[in-house]
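Naming convention: chains lettered A, B, ... in sequence-line order (proteins, then strands); numbering from 1 in each chain. Keep in mind it's a predicted model, so treat the numbers as computed, not measured.
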There are 2 protein chains.
Amino acid sequence: MRAAAAAAASAAIGPQDAPASRGEDALAALTALVRADLEACNRLIVERMQSPVALIPQLAAHIVAAGGKRLRPLLTLAAARMCGYRGERHVALAACVEFIHTATLLHDDVVDESALRRGQASANALFGNKPSVLVGDFLFARAFQLMVADGSLRVLAILSEAAATIAQGEVLQLVTQNDTATTEAQYLEVIEGKTAALFAAATEIGAVVADRPAAEAEALRAYGRNLGMAFQLVDDALDYAAEQAALGKTVGDDFREGKITLPVLLAFARGGEEERAFWRRALEEREQREGDLAHAQALIERHGALRDTLARAREYGAAALAALEGFADGAERRALAGIVRFCVDRAR
Amino acid sequence: MRAAAAAAASAAIGPQDAPASRGEDALAALTALVRADLEACNRLIVERMQSPVALIPQLAAHIVAAGGKRLRPLLTLAAARMCGYRGERHVALAACVEFIHTATLLHDDVVDESALRRGQASANALFGNKPSVLVGDFLFARAFQLMVADGSLRVLAILSEAAATIAQGEVLQLVTQNDTATTEAQYLEVIEGKTAALFAAATEIGAVVADRPAAEAEALRAYGRNLGMAFQLVDDALDYAAEQAALGKTVGDDFREGKITLPVLLAFARGGEEERAFWRRALEEREQREGDLAHAQALIERHGALRDTLARAREYGAAALAALEGFADGAERRALAGIVRFCVDRAR
């Protein structure tokens, strides 16, 4: 049944022989579609991250204005337009989504000590842990100030719940880290919290700002949630894929930190005692030796764990596409469908 | 003029020969006055810090339920009652204030690595930096969820602005740390942000929830702000006072971290070149030797810097009392006036 769903997903997402750049094209198409809104959103982001305390915009600029792809705010902008919204409120709400995302990145870096973020030295490595935490707090507060100025309690409810769910997911990730007894259900709960919750909120508020019926808000929430799950599954696969260096991401981050992701869970479950001893030593006891990452990649490859992780991502991608079906065909719906390909195709 | 204000403040606060326990009595009186509300608030705090992720309530309990005096929520509860409020909304808003305060403490511990908080090992020392940051985020999000459930955009505006101001003050504190060129104006901006902003918000929302006119909200905001300034000035004085060990607080925290507080600013300004060289070595170059803290205390004592810091605290205390004058005399007003004594008398 799962294989069937995956096949259906692949079919829905597009022909397997599509050019490798197709995902990137989809992101470019979405960006072009809402370019004016995105530019207004970027202006607002820069304006609202200002502070008389100069370190705040300096540090925030490093991460907020560092040319990220703005995937989450793009989703809010396009979802609102797909729902027929013609006003300008969605611009501020998209900025809120990006501020919350940025705050999360800054706080996530506290422990991860990831050396690279978007190909640059992380704010945390450059400025230190404490400034990153406090500037994250500032951006988080700014997000709520923007929401209050917008005045929708419904949006405030959606994004404050998302913020609580994100924190919960991040704590659960920490708790399950270095524990090879982590279940697949726990892993899915982690990525649902740390990633899918904000995607879901970002798209749902597009329907809310357009004052659409509950069913549409629910459908857009399902689209965002499934897209977020697919996005994170692909991310977790990429951390063991040889090609990821091209993305400017450090290779093997998750392995070094002992994060228990689906590729690891699958390889662990399918491996014999000797392999499990390797995973326990490297991820639980965190005793990592030269060549361990390559060995981990080989085990994951041998057991088809990367392939199956990506198949799972395609299933979520198919569910995201299905959630769009109730909306009228048009440029926005096609662009949002394209983003599913963007998320899944990154792994090619 | 400043001396006159200080004298007036002292007179307003009460006779100088009051027993040393008078401040503690004032806190007990306020607590007794709103006991039922406070108990409801404590129940709500425990209820709302729950999560399926067990580490969250575990860590939160360590700091939120560790028997703090709940000064900020007490202020909200009493302010609302003084404004004639008879409903129950103030209970949830008081819990929001405590959650925001707790999140701030958890994030502040990331760098401070203070070994003691309320006489116990800090959550951060016990659980690590990252869990403290993430649980702080969770409590912050929970605070906003509670406000959204309450439904007042005005309260949301007040507390989201306070949150931004707190983060700004904390960053400014970080920027001025280890810099003896810090001005008194910058120091006041720091404590206004990191402490007075939340006190001001906590008391202002008491008037807002009671639907009182803007002038009363403004007066309660002024009371809270001035009380917060007095509170932090006394705190900063206590960090150089020999008696503070009795409070379960580590002695000399600020000195070790190189925080530039008013006692240091005054002693630095009044000292000769040799003394300034000492302060620069200890606080800027952070080259601290055995006996340095005692020497710092002696310099601060010699220049009357502790006395003058406390005099300044009394001025703010007097301003806090003055802000209460427009309210009808009654148990709540007397209790809130008593809290000014509590804050100032801690230094006796």
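- Other residues, nucleotides and ligands contribute over 12 non-hydrogen atoms within 6.0 Å of the CD atom of A:Glu284.
- Not counting sequence neighbours, the partners of A:Ala163 by the side-chain contact (heavy atoms from CB on, under 4.5 Å) test are A:Phe140, B:Ala141.
- Taking chain B as the reference chain and counting heavy-atom pairs below 4.5 Å, the highest number among A:Ser160, A:Ala167, A:Ala162, A:Gly151 is found for A:Ser160.
- Rounded to the nearest 0.5 Å, atoms CG (B:Asp137) and CD1 (A:Ile100) are 11.0 Å apart.
- Rounded to the nearest 0.5 Å, atoms CG (B:Leu153) and CG (A:Asp150) are 9.5 Å apart.
- Atoms CD and CG, from B:Gln168 and A:Leu55 in turn, are 11.5 Å apart once rounded to the nearest 0.5 Å.
- Each side chain to side chain donor-acceptor pair (under 3.5 Å) pair with one or both residues in residues 52-61 of chain B, not counting sequence neighbours, would appear here, but there are none.
- To the nearest 0.5 Å, the span separating CD on A:Glu170 from CZ on B:Phe138 amounts to 13.5 Å.
- For B:Gln186, the CD atom is densely surrounded, since the number of other residues' heavy atoms within 6.0 Å is greater than 12.
- No other option in B:Ile166, B:Thr165, B:Val148, B:Leu159 has as many heavy-atom pairs under 4.5 Å with chain A as B:Val148.
- Taken to the nearest 0.5 Å, the NZ atom of A:Lys130 stands 7.0 Å off from the CD atom of B:Gln173.
- With respect to chain B, the highest number of heavy-atom pairs below 4.5 Å among A:Leu156, A:Leu172, A:Val171 belongs to A:Val171.
- Once rounded to the nearest 0.5 Å, the distance linking OG1 of B:Thr104 with CG of A:Leu134 reads 9.5 Å.
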